[in-house]
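Below: the structure, in structure tokens.
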Amino acid sequence: KELPSGPQSGTALLNIVDVVTNWVFAIFTVLTIIFVLLAAFQFVTAGGDAVKVGEARQKLIWASVGVIIALASKGIVPVVRTIVGG
């Protein structure tokens, strides 16, 4: 069997990268919202317990990592477009 051919032009490659990065952006945005809500709930219900407050802080840190990854995924398309020349 022959292997399926990949994108035949720079525009096709950019379209594929754009679709993938849109999915990554959407997934990480949803995960970020969930983590922020969980962290907020944990902060409110911690009752001054240092361990629970620390866990909530960790969730907020991971939420910020999710935001950074989501924003970075949106920046990939212009970089690839510049490299490919599309």
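Atoms OG1 and CG, from Thr32 and Leu60 in turn, are 11.0 Å apart once rounded to the nearest 0.5 Å. Separation of atoms CD1 (Ile76) and CG (Leu71) is listed at 11.5 Å; rounding is to 0.5 Å.
Residues Ile69 and Phe35 share a single hydrophobic cluster, defined by chaining ILVMFWY side chains whose heavy atoms lie under 4.5 Å apart. If you chain together hydrophobic residues whose side chains sit under 4.5 Å apart, Val67 and Leu38 never meet in one group. The cluster map of Ile, Leu, Val, Met, Phe, Trp and Tyr, joined by side-chain heavy atoms under 4.5 Å apart, puts Val19 and Phe28 in different clusters.
Annotation for Lys52: atom NZ does not count as buried by contact number, only 12 or fewer foreign heavy atoms lying within 6.0 Å.
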Could you go through residues 39-51 and list every donor-acceptor pair under 3.5 Å that involves a side-chain atom there, pairing it with any protein atom two or more places apart or in another chain?
residue	atom	partner	partner atom	Å
Gln42	OE1	Lys59	NZ	2.7
Gln42	NE2	Glu55	OE1	2.7
Thr45	OG1	Phe41	O	2.9
Asp49	OD1	Val51	N	3.4

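The nearest pair of heavy atoms linking Ser73 to Val24 is CB-CG1, 3.7 Å. Across Ala63 and Val36, no two heavy atoms sit closer than the pair CB-CG2, 3.7 Å.
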